[in-house]
Amino acid sequence: MSHWLLKSEPDVFGYPDLERVGREPWNGVRNYQARNFLRQMMVGDLCLFYHSRSKAPGIAGVARITRAAHTDDLQFDPASAYFDPISDPQQPRWSMVEVEAVQAFPEVLTLDTIRALPEWETSPLTRKGARLSVLPVTAEQFGAALTAAGLNAVGLERAARP
DNA sequence: GCCAACGTTGGC
DNA sequence: GCCAACGTTGGC
């Protein structure tokens with residue numbers, strides 16, 4: 001199983017929103033590197049749900065991939081902000097996955113705290129000017145984040161298994 | 001294929 | 001709201 005980190009602006013769609021709706025299509029990703037990571041995701045992979053552009057940026061909870069990469073319909077919807085006039089329906093450029101809420105963190109694990117974790121030193125997340133909205137996370141980084149949040153990483157991974 | 005201009009991201 | 005960092009675009 002792989003681990004990932006997904007960024008979302010809590011003002012637009014935060015972890016509480018994911019808990020409310022249960023499952024949510026992760027669409028609107030329009031960056032090739034991020035898209036390529038989406039395409040590597042497999043059902044059951046766990047994701048850290050990160051709040052960006054917020055007063056307290058950080059990880060708010062854990063999500064699980066419930067559907068592997070498939071065509072992001074918004075790229076063909078002229079009314080959508082994510083419309084891509086260049087995309088060819090025969091060979092769609094953009095993909096989306098589907099995620100569900102697994103476990104909220106007791107409180108948001110702040111970026112400052114994440115930066116202080118040795119496992120996260122090499123992550124693109126903690127690099128200045130980081131813009132990647134979907135990024136891979138090592139098992140060590142995932143475990144360190146859960147431990148720092150006060151959760152039992154092993155227990156959660158077991159419980160999250162479908 | 002270079003690179004300046006532009007638009008967007010995201011911490012602060 | 002500011003601005004640095006980054007990805008993308010498009011003229012040449």
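Residue numbering restarts at 1 for every chain, and letters A, B, ... go by the order of the sequence lines. All values below were derived from every heavy atom in this structure, side-chain atoms included, with hydrogens, water molecules and symmetry-related copies excluded.
When rounded to the nearest whole Å, the span between CZ of A:R93 and P of C:dT9 equals 7 Å. As a whole-Å value, the separation of A:R127 CZ from B:dT9 P is 16 Å. Nucleotide B:dT9 holds its P atom 15 Å from the CG atom of A:L135, rounded to whole Å. As rounded to whole Å, 16 Å separates atom C1' of B:dG11 from atom CG of A:L132. Atom-to-atom, CG of A:L125 to C1' of B:dG11 comes out at 11 Å; the value is rounded to the nearest Å. As rounded to whole Å, 8 Å separates atom P of C:dG10 from atom CD1 of A:I86. The interatomic distance linking A:D84 (CG) with C:dG7 (C1') rounds to 15 Å, in whole Å. Rounded to a whole Å, the NZ atom of A:K128 is 18 Å from the C1' atom of C:dG7.
Pairs engaging residues 94-126 of chain A under the ring pair (Phe, Tyr, Trp, His ring centres under 6.0 Å) rule: A:Y32-A:W94 [sequence neighbours left out]. Each side chain to side chain donor-acceptor pair (under 3.5 Å) pair with one or both residues in residues 100-111 of chain A, not counting sequence neighbours, appears once here: A:R23-A:E100, A:R64-A:E100, A:T110-A:T113.
Below 30°, between 30° and 60°, or above 60°: for A:W26 and A:F49 the angle between ring planes is above 60°, a perpendicular geometry.
Look at A:Y50 and you'll find a side-chain N or O under 4.0 angstrom from OP1 or OP2 of B:dG11.
A:H51 contributes a side-chain N or O that, together with a main-chain N or O of A:Y15, makes up a donor-acceptor pair within less than 3.5 Å.
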Do A:S52 and A:E9 pass the side-chain hydrogen bond (donor to acceptor under 3.5 Å, both in side chains) test, and can you show the C-alpha distance, the side-chain angles, and the key distance before you say yes or no? CA-CA 5 Å; A:S52 65; A:E9 298 180 28; 5.1 Å; no

Can you list the steps and then say if A:R30 with A:D72 is a salt bridge (charged side-chain N to carboxylate O under 4.0 Å, His left out)? CA-CA 10 Å; A:R30 296 292 179 269; A:D72 180 344; 3.0 Å; yes

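If you check residues 110-117 of chain A against DNA chain C, you find no residue with a heavy atom closer than 4.0 Å.
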